[in-house]
Each structure stands twice: as C-alpha cells, then as structure tokens.
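Since this is a predicted model, take the numbers as computed values, not measurements. So that the names make sense, note that chain A is the first sequence line, chain B the second, and so on, each numbered from 1.
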2 protein chains.
Amino acid sequence: MTDEPLAFLPPRHDHDACIADALDRAERLCADRGERLTELRRRVLELVWSGHAPQGAYDILDALGQTRGRVAPPTVYRALDFLQAQGLIHRIESLNAFIGCPAPERRHSGHFFICRRCRTAAELDARAIDRAIDREAGRLGFVIEQRTVELLGLCAPCREAEATAAPGPTGRA
Amino acid sequence: MTDEPLAFLPPRHDHDACIADALDRAERLCADRGERLTELRRRVLELVWSGHAPQGAYDILDALGQTRGRVAPPTVYRALDFLQAQGLIHRIESLNAFIGCPAPERRHSGHFFICRRCRTAAELDARAIDRAIDREAGRLGFVIEQRTVELLGLCAPCREAEATAAPGPTGRA
DNA sequence: ATCAAGAATGTTATTTTATAACATGCTGCC
DNA sequence: GGCAGCATGTTATAAAATAACATTCTTGAT
C-alpha cells in the first residue's frame with residue numbers, strides 16, 4: 001500500500017553514508033541527464049543533506065561562507081533552484097527551508113512529516129494520500145501542477161520524550 | 001464521502017453576500033467565545049475576503065492605508081494572527097498569503113486547490129484526504145499538530161481558457 | 001589553439017515578508 | 001476613578017528572496 005524509502009531513521013545512524021549516497025546518486029542522475037553538478041551545486045546539496053532536518057537558504061549561505069569566502073544570496077538560491085529543478089531537493093513551504101530527496105530518480109512531490117521538536121522531516125511516498133487528493137481534484141475538474149503536503153507535529157520518540165519530562169530534543173543527525 | 005462548503009464558486013456571483021456572511025459569522029463566533037472582533041480586526045477580515053484569492057499581508061496593509069492613514073506591518077500581522085487563531089482565516093504557506101475560511105465554526109485545517117491563473121482558491125473539506133494522511137501518521141506513530149495541504153494548478157474554467165487561446169484570466173470576484 | 005555562445009557564478013542593490021521591543025491608548029471591572 | 005489587561009501604535013530590524021548587470025568558465029565549431 002505504501003512504500004517508505006526512508007521515513008524516520010533512527011536518531012543515530014551512519015549519516016555520512018546518507019550524504020555519500022545522496023551525492024553519488026546526484027552525480028549519476030545529472031550525468032544521465034546531461035546536467036552539470038558543479039562544485040558549488042554539489043557542495044550546496046551536501047549542506048542540505050547535513051542532516052534530516054530542513055535547512056534554510058541562509059543556513060546554507062552561512063555554512064558556505066565558512067569554506068569559501070563571502071557568499072551572496074543569489075549564489076545559494078540559484079544552486080537551490082537547480083537542485084530543486086532536478087528533483088534532488090524539496091522545498092518545505094511551511095518552514096521556508098529545503099530538504100534532500102531520498103528518491104530523486106523518480107519525479108514526485110513528497111509528503112512530509114516534520115517533527116517540531118527534533119526538526120527531523122520524513123518524506124513518505126504515500127500513494128494513498130495522492131489518490132485521495134486526485135479524487136478530489138477530479139471532482140473539481142482541477143488539474144494539479146504542484147502539491148504541497150506538510151504535516152507538522154511530533155515524531156514517536158519526541159512524543160514519548162515530551163510525555164515523560166521535557167529535556168532537550170533527541171538530536172537526530 | 002465529501003462535503004464541499006464552497007469549492008469553486010462561479011466566477012461571477014454576489015460576492016458582497018460572501019463578505020457580509022463572513023463578517024456576520026465572525027461577529028457571532030467571537031461573541032460566543034468572548035473574543036473581541038474590533039473595528040481593525042473586522043476591517044482586516046473584510047479585506048481578506050475582498051475576493052476568493054489569497055491576499056498577502058502587505059496587500060492588506062496597503063488597502064488599510066487607503067482608509068486609515070499610515071499603517072505599520074505589526075498592526076496587520078497582529079490582526080491576521082488573531083483571525084487565524086479564531087479560525088476565521090487560513091494561511092496559504094506556498095503563497096505567503098491569507099484566505100477567509102468559509103466554515104470557521106468548526107476547527108479544521110483546510111485543503112486548498114489554488115488556480116495559478118485566476119488565483120482563486122477553493123477550500124475543500126475532504127475527509128478522505130485527512131483519513132489517508134491519518135493512516136500514514138498512525139503507521140509512523142506521528143502526532144499531527146498542523147496540516148498543510150495545498151494543490152496548485154488550474155481550475156476547470158481556466159484550463160479550458162488556456163487550452164483554447166491564452167487571453168486574460170477569468171477574473172473571478 | 002582560438003573564438004564565440006551559452007551557461008554558471010559573482011556582485012550590488014533592492015524587494016518582500018515578518019517580528020522584536022517598547023510606548024500609548026482603550027475597556028471593563030471593582 | 002483607577003488599575004489591570006488587552007489592543008493598537010511606532011520604530012527599528014530581521015529574515016527570505018529576487019532583480020539587474022558583470023565576469024568567468026565550458027564547450028563545441030573552426
């Protein structure tokens with residue numbers, strides 16, 4: 001009924017492997033498409049993948065500024081635009097932020113479950129949700145061009161943590 | 001299976017009635033709750049309801065500026081915050097804009113179908129969509145606190161118009 | 001190798017959206 | 001009438017995004 005390419009990963013996992021995998025796939029995907037994954041774009045993608053929490057454009061800008069000298073907003077936004085156009089990242093509208101896509105090979109719009117506590121976002125490939133949406137669109141004669149499905153709340157570990165006491169967030173990679 | 005309080009209204013309808021109805025219900029709802037629908041808040045709500053297209057905060061600010069003199073952003077944002085807290089308006093995340101809620105009496109998060117051409121947004125009460133989402137949340141053990149479901153595309157009239165030639169938008173109220 | 005065309009990046013300035021912090025004013029209650 | 005709490009006004013600034021133009025890099029044709 002539903003495939004979950006990633007959903008919520010355990011708080012502590014080998015995140016370097018996530019990054020390496022994402023970059024590898026991006027390389028291959030761009031090569032296949034004849035697109036150029038330049039050093040800058042690669043670096044921005046890497047920064048977006050620095051965790052499983054959505055990253056703001058200015059977070060990335062600041063991080064870029066660490067290695068390269070002074071960087072201006074358009075530099076980052078253009079890279080983000082490219083990555084988004086290639087389906088390598090998704091924009092989270094409700095957070096003005098970006099997150100790496102775990103399945104960039106197939107074009108899709110994701111469904112995001114985002115924890116307000118640990119800030120982790122899980123992208124689901126929930127066909128059932130799209131089907132329900134498509135049915136409504138059909139009834140209206142509406143042609144969908146862009147989907148935004150973002151659910152904010154508490155992931156299971158954080159819900160428990162918040163139920164018990166209320167110490168710091170889980171601190172997922 | 002689905003109730004549609006409004007869906008897409010015909011392009012030309014008695015929109016003054018929409019506004020009057022929205023304001024009436026807001027008055028009653030606030031009275032019932034012991035909340036104060038002040039002149040300012042009422043006026044901002046009226047401006048949000050100036051059409052069935054989402055309005056930006058600064059659009060409202062400018063419109064307010066016409067009648068009252070100089071108005072500063074916090075004035076508008078505070079009124080919008082209040083209206084949102086009372087469920088009288090919804091925020092459309094993907095547009096940074098606000099739209100009147102056709103069914104403020106019952107707390108809910110809406111599902112929005114937004115036409116990129118005529119800019120009309122229809123709020124559906126599509127239980128089937130929420131059910132599909134709830135099922136996924138259940139599988140994850142995720143507790144949803146805030147839903148954002150926004151579908152951008154073309155409404156039926158605009159799709160036809162765009163198929164034929166490509167003149168101006170429908171111009172819905 | 002050289003050059004031209006197009007793509008990518010750099011640079012500067014500005015726009016758009018939103019909030020912080022503090023002052024003033026209004027309203028209802030005692 | 002005074003005060004407590006809410007609402008609004010005011011000033012300044014933060015945060016997010018883009019416009020417009022300059023420069024550099026890449027690639028393919030010659």
Checklist entry - Among dA8(C), dT8(D), dA17(D), which nucleotide sits nearest the side chain of Arg41(B)? => result dT8(D)
Checklist outcome for this item: Asn96(B) has its side chain closest, among dA7(D), dT17(C), dA16(D), to dT17(C)
Checklist entry - Rounded to the nearest Å, what distance is computed from the CG atom of residue Asp62(A) to the C1' atom of nucleotide dA15(D)? => result 11 Å
Item to check | Distance in angstrom units between Leu40(A) CG and dT11(C) P, rounded | outcome: 12 Å
Checklist entry - Would you say dA17(D) has OP1 or OP2 under 4.0 Å from some side-chain N or O of Tyr77(A)? => result yes
Checklist entry - Using a cut-off of less than 4.0 Å, is there contact between a side-chain N or O of Arg91(B) and OP1 or OP2 of dA18(C)? => result yes
Checklist outcome for this item: Asp81(A) atom CG is separated from dA8(C) atom C1', nearest whole Å, by 13 Å
Checklist entry - Considering residues, nucleotides and ligands other than Arg41(A), do more than 12 of their heavy atoms fall under 6.0 Å from its CZ? => result yes
Checklist entry - Under a 4.0 Å N-O cut-off, is there an ion pair linking Arg42(A) with Glu27(A)? => result yes
Checklist outcome for this item: Separation of dA8(C) atom P from Glu35(A) atom CD, nearest Å, is 7 Å
Checklist entry - Can you tell me if the side-chain N/O atoms of Arg36(B) get under 4.0 Å from OP1 or OP2 in dT27(C)? => result no
Checklist outcome for this item: Of all heavy-atom pairs linking Leu95(A) and Pro54(A), the shortest is CD1-CG, 3.9 Å
Checklist entry - Between Arg25(B) and Asp21(B), does at least one N-O distance fall below 4.0 Å, as a salt bridge requires? => result yes
Next on the checklist: Can you tell me whether the side chain of Tyr58(A) and the base of dA15(D) have a donor-acceptor pair closer than 3.5 Å?
Outcome noted: no
Next on the checklist: Tell me whether the rings of Tyr77(B) and Tyr58(B) are parallel (<30°), tilted (30 to 60°) or perpendicular (>60°).
Outcome noted: perpendicular
Checklist entry - Whole Å only: how far is the CD atom of Gln55(A) from the P atom of dA16(D)? => result 12 Å
Item to check | Charged N-O contact under 4.0 Å between Arg159(A) and Glu162(A) | outcome: no
Checklist entry - Looking only at side-chain N and O atoms, does Arg78(A) come under 4.0 Å of OP1 or OP2 in dG10(C)? => result no
Item to check | Residue of the set Leu45(A), Ile89(A), Leu29(A), Leu83(A) for which side chain to side chain contact (heavy atoms under 4.5 Å, CB included) holds with Pro104(A) | outcome: Leu29(A)
Item to check | Length of the CG-C1' vector between Leu37(A) and dT26(D), whole Å | outcome: 15 Å
Checklist entry - Between atom CG in Leu80(A) and atom P in dA8(C), what is the gap in whole Å? => result 15 Å
Item to check | Residue-level proximity of residues 65-75 of chain A to DNA chain C when a heavy atom falls under 4.0 Å | outcome: Arg68(A), Ala72(A), Pro74(A), Thr75(A)
